[in-house]
2 protein chains.
Amino acid sequence: MRIGELAERTGVSVRALRYYEEQGLLASQRSESGQRRYEENAIGRVRLIQQLYAAGISSASILEMLPCVVTGVAAPQVMTKLIGHRSSVVKQIEELQETLLQLDRVIAGATEAYATGKPCPPQ
Amino acid sequence: MRIGELAERTGVSVRALRYYEEQGLLASQRSESGQRRYEENAIGRVRLIQQLYAAGISSASILEMLPCVVTGVAAPQVMTKLIGHRSSVVKQIEELQETLLQLDRVIAGATEAYATGKPCPPQ
DNA sequence: CCTACCTCTGACGTTAATGTCAGGTTCCTA
DNA sequence: TAGGAACCTGACATTAACGTCAGAGGTAGG
């Protein structure tokens with residue numbers, strides 16, 4: 001498929017896809033005229049990249065880990081990084097869960113406060 | 001306490017603390033000579049700010065929500081935003097958990113592969 | 001073959017949360 | 001009271017992951 005279709009099917013912008021290629025994260029075949037062509041599996045690859053980005057992992061780190069994530073095989077140094085990222089992700093999850101509690105506390109409290117008629121201060 | 005101490009006790013840089021103030025997120029008393037002075041509760045406030053930042057919430061949104069998070073009272077429009085952020089945080093957690101699964105799969109797979117002696121491809 | 005839409009490269013713009021530097025003032029301890 | 005550490009404001013630098021634009025070429029349906 002061409003880049004526009006991949007963009008649409010993954011929900012990622014065309015610009016972002018070209019950026020991924022620039023970073024070495026996403027390969028493409030080229031047509032004679034130089035247009036990018038992708039296989040079906042590119043969709044999974046793009047989703048994976050986005051997932052790793054969402055975990056706060058940089059392009060450079062993703063570049064290191066990607067082949068291993070795909071093949072399931074990692075060199076020891078990469079393993080170390082993987083484990084590091086793993087614990088970082090665990091930590092992020094824990095922190096977000098705490099944040100969630102905070103938000104819930106506010107939402108519950110605010111609802112109740114409104115039931116009792118106490119307004120929110122302007123600032 | 002002065003800004004340096006607050007920075008050290010929260011693990012946040014002095015520059016960041018001044019930035020928080022600039023954004024209206026963190027108030028300070030000023031000494032006669034103009035130096036910032038903070039109460040003990042500033043520590044909790046800074047931690048809270050960092051937590052919200054970690055949840056991907058912008059300064060502007062934090063500014064809106066902060067008084068409500070502190071007082072537990074929110075105006076209806078803020079409530080709407082709070083609920084929006086809540087679900088965004090839930091989504092982030094879910095995505096991170098998926099990422100964690102991916103990473104675990106790789107780590108487990110890689111360990112096994114290494115046990116069987118198959119190396120990681122260079123790229 | 002025409003036309004509207006898609007794609008290309010290259011380059012500069014954007015945003016948010018800081019880092020960093022300069023040049024000057026304040027604080028505290030010996 | 002001296003001097004180094006900590007603080008001030010102001011301003012420009014940075015980084016990552018894109019957005020956006022220009023100018024040129026490719027593609028597919030009618």
Side-chain angles (χ1 to χ4, degrees), chain A residues 1-39 42 45-66 81 85 88-89 92 95-96 99, chain B residues 1-39 42 45-66 81 85 88-89 92 95-96 99:
Chain A
M1 78 191 84
R2 294 196 294 170
I3 198 171
E5 186 181 343
L6 181 58
E8 199 167 349
R9 290 176 66 185
T10 56
V12 168
S13 74
V14 168
R15 176 67 176 89
L17 293 177
R18 290 201 266 253
Y19 175 74
Y20 296 166
E21 179 166 323
E22 200 178 307
Q23 301 299 305
L25 303 180
L26 178 66
S28 66
Q29 302 299 98
R30 294 299 182 113
S31 74
E32 282 206 4
S33 64
Q35 292 199 350
R36 293 171 179 83
R37 293 298 141 90
Y38 300 93
E39 307 293 323
R45 164 72 68 126
V46 170
R47 297 234 165 97
L48 180 56
I49 293 172
Q50 288 265 300
Q51 227 172 79
L52 296 174
Y53 271 138
I57 300 173
S58 70
S59 288
S61 289
I62 294 178
L63 182 57
E64 275 186 320
M65 336 184 347
L66 253 189
K81 284 220 172 188
H85 282 306
S88 136
V89 171
Q92 278 179 66
E95 285 174 358
L96 285 179
T99 304
Chain B
M1 81 191 79
R2 295 196 293 171
I3 198 171
E5 185 181 344
L6 181 59
E8 198 168 349
R9 289 178 65 185
T10 55
V12 168
S13 74
V14 167
R15 177 67 177 89
L17 293 177
R18 290 201 265 251
Y19 175 75
Y20 296 166
E21 179 168 322
E22 199 178 308
Q23 302 298 305
L25 303 180
L26 178 65
S28 65
Q29 303 298 101
R30 294 299 183 113
S31 73
E32 283 207 4
S33 63
Q35 291 199 351
R36 294 171 179 82
R37 293 298 142 90
Y38 301 92
E39 306 292 322
R45 166 69 68 122
V46 171
R47 297 235 165 98
L48 181 55
I49 293 171
Q50 289 264 300
Q51 224 171 84
L52 296 174
Y53 272 138
I57 300 173
S58 70
S59 287
S61 288
I62 294 178
L63 183 56
E64 275 185 322
M65 331 181 357
L66 253 189
K81 285 221 170 186
H85 283 304
S88 137
V89 171
Q92 280 179 65
E95 286 173 358
L96 284 180
T99 304

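Residue numbering restarts at 1 for every chain, and letters A, B, ... go by the order of the sequence lines. On a predicted model such as this, the values are computed, not experimentally measured, just so you know.
Separating the CG atom of L52(B) from the C1' atom of dA16(C) is a distance of 16 Å, rounded to the nearest angstrom. We find that CD of E8(B) is positioned 13 Å from C1' of dA5(D), with the value rounded to whole Å. E21(B) places its CD atom 12 Å from the C1' atom of dT9(D), with the value rounded to the nearest Å. Whole-Å rounding puts the I62(A) CD1 to dA17(D) P distance at 7 Å. The interatomic distance linking M1(A) (CE) with dT27(D) (P) rounds to 18 Å, in whole Å. Put simply, CZ on R15(A) is 12 Å from P on dC8(C), counting in whole angstrom units. At whole-Å resolution of the value, CZ in R2(A) and P in dG25(D) are 18 Å apart. When the C1' atom of dT7(C) is taken as reference, atom CD of Q29(A) falls 17 Å away, rounded to whole Å.
Counting non-hydrogen atoms under 4.0 angstrom, R30(B) reaches the backbone sugars and phosphates but no base. Nucleic acid contact for R18(B): base, since at least one base atom lies under 4.0 Å from a heavy atom of the residue.
Within the 4.0 Å cut-off from OP1 or OP2 of dT18(C), at least one side-chain nitrogen or oxygen of Y20(B) is found. Distances shown here put a side-chain N or O of Y19(A) below 4.0 Å from the OP1 or OP2 atom of dA17(D). Of the side-chain N and O atoms in S31(A), none sit less than 4.0 angstrom from OP1 or OP2 of dG26(D).
Exactly one residue among Q29(B), R2(B), R18(B) makes a side-chain contact (heavy atoms from CB on, under 4.5 Å) with R36(B). That residue is R18(B).
Of all the heavy atoms in G4(A) and V14(A), the pair that sits closest is CA-CG2, 4.3 Å. Nearest heavy-atom pair, L66(B) versus L25(B), reported as atom, atom and distance to 0.1 Å: CD1-O, 3.5 Å.
In the set dA16(C), dA17(D), dA11(D), dA17(D) carries the atom at the smallest distance from any side-chain atom of Y53(A). For I3(B), the side-chain atoms get nearest to dC8(D) when compared with the rest of dA17(D), dA11(D), dC8(D). The Q35(B) side chain lies nearest to dT26(C) when the options are dC6(C), dC18(D), dT26(C). Here the nucleotide nearest the side chain of R36(A), chosen from dC6(C), dG19(C), dT9(C), is dT9(C). Listed candidates were dC27(C), dT27(D), dT20(C). Nearest to the side chain of S33(B) is dC27(C).
Nucleotides of DNA chain C nearest to L17(B) and V14(A) differ in position, and the one nearer the 5' end is that of V14(A). Nearest-nucleotide mapping onto DNA chain D: of E32(A) and Q23(A), the residue sitting toward the 5' end is Q23(A). Residues S13(A) and R37(A) each lie close to DNA chain D; by heavy-atom proximity, the contact nearer the 5' end of the strand is made by S13(A).
Side-chain contact, S59(A) with Y53(A): a donor N or O sits under 3.5 Å from an acceptor N or O.
The environment of E8(A) atom CD is sparse: at most 12 non-hydrogen atoms of other residues, nucleotides or ligands sit within 6.0 angstrom.
Of the inter-residue distances, the one linking Q23(B) atom CD with E21(B) atom CD reads 11.0 Å to the nearest 0.5 angstrom.
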